[in-house]
Structure formats: C-alpha cells, structure tokens
Protein chains: 2
Amino acid sequence: MSTAMDARARHLLKALVESYIADGQPVGSRQLARDAGLNVSAATVRNVMADLEDEGYLCAPHTSAGRVPTNLGYRFFIDALLHLVPLSPESSQLLLRRIGAHAPDTDQVLHAATVALSELTHMAGFVRVPRRAMRILRHVDFIAVRERQILAILVTDKGEVENRLIHTDRPMGAGELVQAANFFNATFTGKPLHEVTQSLHRELRQSRHEMDLILRSAMELGEDMLEMDEQRMLIEGEFQLLDLPDLAGGERLRELLEAVHRKRDLVNLLDASMLGSGVRIFVGNESGFAPLAGCSVVTAPYVLDGEVAGVLGVIGPMRMPYQDIIPLVDNTARLLGHALSLPS
Amino acid sequence: MSTAMDARARHLLKALVESYIADGQPVGSRQLARDAGLNVSAATVRNVMADLEDEGYLCAPHTSAGRVPTNLGYRFFIDALLHLVPLSPESSQLLLRRIGAHAPDTDQVLHAATVALSELTHMAGFVRVPRRAMRILRHVDFIAVRERQILAILVTDKGEVENRLIHTDRPMGAGELVQAANFFNATFTGKPLHEVTQSLHRELRQSRHEMDLILRSAMELGEDMLEMDEQRMLIEGEFQLLDLPDLAGGERLRELLEAVHRKRDLVNLLDASMLGSGVRIFVGNESGFAPLAGCSVVTAPYVLDGEVAGVLGVIGPMRMPYQDIIPLVDNTARLLGHALSLPS
DNA sequence: TTCTAGCACTCCTTAATGGAGAGTGCTAGT
DNA sequence: ACTAGCACTCTCCATTAAGGAGTGCTAGAA
C-alpha cells in the first residue's frame, strides 16, 4: 500500500471530481485521459484510478460505469485540491445591498441573509439566529390585557422584542403594574440578559415581593428568551432540495425535507460548528445525521460585537461548486455580522 | 341528451367515486357491477358509465382502463351524493385539547390549529390569521434604542404585539418619548385600529405636532399592521403534498410546493372564500389557480367576537375522504373561533 | 521499472417483441 | 330495458437482443 497520492494522482482526482460535480455522471478512464490535460493513455489512468479506489477516494457504481468520488474523495478534494474562486465584486455588492437593505431591524436582516444565501446558491440557505445571552436589557413593560391577564414585554438594546401573556390569580391594578415595571427597569436595565435572570433568581429567593408573580413571570420570559434561542433558525429554499438528482425522489427525499423543516437536529449540528472559526464543511454522513446522507452542509460562524453569535450556511448536494459556495458563505457571514453589529 | 342522472346512475357514480377515492385506481364496469350492490350486469353498468361520460362526470385515461371522476364528477359527488360522517367525540376532544391548550395566546392558538389540521388529515393545513381591523388598541410605547432610533410597540386588546424600529433625524429625549406615548395612549387607547389610523391621518394634516415624526411612524406601524394581515397565513404539513400520487413527482409538484410556500395567490383565493359562510370546497382547477390543478382545497371561515375574522382549511389530493375532512375542517373553524374569542 | 496497447469480459441501457389482462363498444337476443 | 357474447384496443410486464461503455489483465515498448 503505497502512501501514494503523487502529483499525477492528485491531478486526476481533481479532474475527476470537477467533472463529476459538473455532470453528475460517473467518469470513465477514457474521458478522464482525454480531459485531464495529462498526456497519458486511458490505460494508465485506469491504473491510477484503481489505486485511488483501493485507497477509498473513489468507487464504481457497478462494474462498467466509470467512477464517482466517495465521501473521502470529496473530503480530500476540498481540503487539498480546491482553488477557491473569490466572490465577484458584483455578487459581493448584491449581497451587501440585500443584507444591508433592512438594517437595523435584526429580524429582517436575518431573513434577508437567509433568502440571499438560498437564491445565490440555488440551494437551501439557513441562518442560526444570534444568541441573546449577552444582549443588554433595555426596557420592560407590563400591560393589563384583561382582568387577570398581563402582557409582559421585554426589549433589548438591539430593538428585539419578546412578549408573553401572564395569567395572575388576582386582578392587578394599573398602579401595581407600573410599580413592578419601574422596579424592574430601575434594577435591571442596562444589564445583560443572563445576568438579569440570575439576579432575579436570587432576588426571588430572598424576599417576598408584593409583585412576586409578575417578576417571576418576567424572569421566566427572560429565561425563555434565552432558551428559545436554542431552537430558532431561519431556513429558506428548502424546495431547492427537491431536485437533488441523487436522492431518487422517494422516501429519502421526504425524510430530508422533514428533518430540515423540523430543525432540531440541524441546530445541534450547527451549534457544534460554531466552536471553530471560518468555513466548515460536512460532506455526506460526516454530519452524523442520517437524513443528510448525500448532502453537504457548508457553514460559517458570524461575529456580532466581537462575539461569535451564530452560524449560517447552505445545504445542497455533495456535488456542489465548492469553489464558489465557500467564499459566498464566508462573505455572507462577514456581512451579516457587520450588519447586525452596532453602527458606530 | 336525457337530463339523466336517475337514481341508479347516481348510485353508480357514488360507488365509483368512493372506490376511486379509496384505491386511486380507475374503476371498470365489472368491478363496479360487483361492488355497487345493484343487481345488474357489467354491460348495463357500462351503458350507464358511457352516459355519465357523455355528460362529463367521468373520463377514461385511455381506451381500456376503467373510468375516473372528472372535476364535474367530484363536484356532483360532493354536492349531491356525499353523506358527511360526523366527527367522532374522540377526535373532537383531541382537537379541543390541542387548540385550547395554548389559549389565550393568539399566535400559539393559531399555530396549534394549523398543526392539528395537518396532522389529523395527513394533508397540508393552513390558517389565515384574523383580520385586525376591528382590534382595539390597548397600549403604545416608544422606547429609545439608540441615539436616533426609536422602537415603537403597539399592543392590542388580545395581547398581540407589533413593533417597529423608527429612525429619527435628531436625537429624542426620554421626556419627548414619554410625552408622545402619553398623548397617544390618552387619545387612542380603546379605539379600534382602523379608526386610530384614520384619526391620525386627520390629526397630522391639521396641526404640526412637536412629535410629528413619531406619530407618523406610529400611524404607519398601525397601517402596516392592518396591511400585513393581507399576507399572514400559517401553513403546516406542506410536505404531505409530496406523496400526492397524481402529480408525477416532477416539475408540477415543485410548482405546487413553491406556490403554497409563497402564499400570495393562496391568500387571494382564501379571502374570496371568506365571503360565504360554512365549508367551501374547490375541486381541482375550480380555484382558478394553476398550480392547484389536481388538488382540492377545503375551507371554512371562522368567527371571532361575532365577526368573520379569517379562514382555515386543508389542501390535499382531489381524491380525499371528503366525508371526514369536511366535518373536521368545519369543527376546527368553530373551535378556533371560540378559542380566540374573549373568554367571558 | 513504468507506461502503453490490445483484448476478452462484465454489466448497464435501450428498444423491440409478444403475450396476458382488463375494459370497452357494439350487436343480437331475451 | 336489460343481458350476453364477441371482437377490438390499449396498457403493462417480462423477455430478449443489440449496443456501448468501461474495466482488468497481460504482453510488449520506452
């Protein structure tokens, strides 16, 4: 077992993967010998291909059908053979316009980024929403909606609003609500959310406030706001996955779509990829998430006010034009982080 | 051309449609003669079927393949032959629990109803959100988020919250914001939204307020809230449409999914069906909306505080079990209206 | 050695063929 | 007005055959 992969083998592997990405057809020795630019015969190419197959980079769908990259083949291609194509200034401009158009409204910016990812790649695009643990509490309000029902509204420094209906055991007077809000704002405004919920925990344990119930609910709202983050993810262009030529329009396809729609498992995968920095690629089953077999996921974390706040990317077929997709995802992450960060 | 459709023809048409709904297979004369319960020969059945075909109720995919109901066939079946099966008490209970579980939070109730529709029918379920024109304004708040940026928050009597970032030309003091909010609340709280926006229009035309900008923005927010209704619709279970056996997994399917996802045209269709009362059914191209060819839409308007506020329903294959679906949609509309109306 | 050329073999793909089955329309008889 | 019989049509499926693409192997050339 030669540790192999000399220059010629690499060149051929590269040509093969590129050809397969372009056509989706298994590529045979004759075609490869012709197109690769090397001046070697098909027979020689065959020998090299046989070696590459032994080493797990290629496989043949059947005896006489040419060869196709394996997971490992893609992996090596991406890691060692790929030449990234920098994003064209036009695309870059377009991206900037689309993402910047809705600033500073966080939700709209996130949505725009998701749609842009999907449309520019013709694949499914997703954006994991920013974590809000570090967000600063700006304002809290309690509003009586009905006899025993209070609406708690919580606003962060980025203008994000979260609200929740609270049911109380007894009717609350307007004065009580104002008092509660005043106390809350005086005590907590300007502090990060995770600190607020902690402080509230302590506060509630120590003393019996008049307004225990309200405060407790507000705390729960705050906690939910943090926990809810665990779930929130935007996805657009799921239907682009419909014409993955590979997944033979059958049960697998539906599983994939439902899994993506459900988001839960995807979120776990993405959170893991927030730890590193820079673009990250999961080829096929590397994600360890069964329905994604046959797909690749390209992700990049984005930075908000100096902290990694979330991650975005695309889901598409394994044979995607990585050289274009990777810079695009990378740039989108950069632009999104920028658009969401405080305009100085 | 006998004006036809005697008792026997009706009976056979009914049996044929039911058989086709159950199997999805074109049904032939022999099978129909056997299963219909009538004691007539296949040849007789053939004659009747030929008549029904002449009159447009049936058609044959090809010379020797049995017959299939046409649009008109389904229409007649639904209008004249269908015996509704009342919703079982268990299903009714289940529905009630699922929809009631999240009351009184409007958004959650709507979502629960959508999911329930989808899951109980194994088709795509949708809920058009309630129109908010009649909603009463409960509270308005203006919060400074940054130097020249204000968050306007608007709350209705049902606890619905809408918010908007407003950019101002000059920095606003906290006092100004409080003053604006006070004015706004004193003047408009308790009035229906559509009245508020009208009054604001007048107000702004007459006098130059100090806080013109803020008020104008608030008005726009209110108007947007009303306009946005035009777009808001919840859909769940779109993927159930994947295994419509008819649409041959190809381009048509994708068009359908995208059209449903896009919502726009669907919303128009639904708004039209809010005018009538009771369950309404669009078979195939009756909706006049191309991508829906091959599908049926079953809708029912729901009533909120005595007014028709929205419409909900399901989208599925033309051959759906109407006798079960119709009562289910009907009941869901009733329960949803109830869950959203003021608990006395 | 390392590459090339040739050759036999395997396997998929496509098209053509032909029977089986199902259903119809028509006609004649009850 | 209904039924039975019959010839005909059309689809579906399995079988068959030809064609093509690609491989692995072996022997000879650089």
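Within every chain, numbering begins at 1; the chains are lettered A, B, ... in the order of the sequence lines, protein sequences first and strands thereafter. FYI, side chains are in, hydrogens and waters are out, and symmetry mates aren't considered; it's all heavy atoms of this structure. From a predicted model like this one, the values you see are computed outputs, not experimental measurements.
- Under the salt bridge (Lys or Arg N to Asp or Glu O under 4.0 Å) criterion, the residue pairs touching residues 78-87 of chain B are B/Arg75-B/Asp79, with sequence neighbours excluded.
- A heavy-atom distance below 4.5 Å is not found between the side chains of A/Val279 and A/Thr299.
- Legend: residues meeting ring pair (Phe, Tyr, Trp, His ring centres under 6.0 Å) with B/Phe76, ordered by chain and number and at least two apart, are B/Tyr57.
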Spell out protein contact along nucleotides 24-30 of chain D as letters: B when the base is contacted, S when just the sugar-phosphate is, - when no protein heavy atom is under 4.0 Å; keep the 5' to 3' order. B------
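- B/Glu238 meets the side-chain contact (heavy atoms from CB on, under 4.5 Å) test with A/Phe239, A/His261, B/Ile235, B/Leu257, B/Val260, B/His261; sequence neighbours excluded.
- The shortest distance between side-chain heavy atoms of A/Pro291 and A/Glu258 does not fall below 4.5 Å.
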B/S/- contact track for nucleotides 13-20 of chain D, protein heavy atom under 4.0 Å: --------
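- The shortest distance between side-chain heavy atoms of B/Met320 and B/Val298 falls below 4.5 Å.
- Looking only at side-chain heavy atoms (C-beta outward), A/Val45 and A/Arg30 stay at 4.5 Å or farther from each other.
- Counting to the nearest Å, the P atom of D/dT23 and the CG atom of A/Leu58 are 10 Å from each other.
- Put simply, CZ on B/Arg8 is 12 Å from C1' on D/dT3, counting in whole angstrom units.
- Taking atom CD on B/Gln25 and atom P on C/dG21, their separation rounds to 18 Å, with Å as the unit.
- Distance B/Leu52 CG to C/dG23 C1': 16 Å, rounded to the nearest Å.
- Regarding contacts with the backbone of D/dT23, a side-chain N or O of A/Ser29 is found under 4.0 angstrom from either OP1 or OP2.
- For the pair B/Ala65 and B/Val40, nearest-nucleotide mapping onto DNA chain D gives the more 5' position to B/Val40.
- Of the side-chain N and O atoms in A/Thr63, none sit less than 4.0 angstrom from OP1 or OP2 of D/dG22.
- The NE2-P distance, from A/His62 to D/dA21, rounds to 13 Å in whole Å.
- Rounded to whole angstrom, the span from the CG atom of B/Leu32 across to the C1' atom of C/dG23 amounts to 13 Å.
- At whole-Å resolution of the value, CG in A/Asp6 and C1' in C/dT1 are 15 Å apart.
- Looking at A/Asp271 and A/Arg128, their side chains come closer than 4.5 Å, going by heavy atoms from C-beta outward.
- Listed by chain and number, the residues in a side-chain contact (heavy atoms from CB on, under 4.5 Å) with B/Ala43 are B/Ser41, B/Arg46 (sequence neighbours excluded).
- Listed nucleotides D/dT3, C/dA5, C/dG23 differ in distance to B/Arg30; the shortest reach to its side chain belongs to C/dG23.
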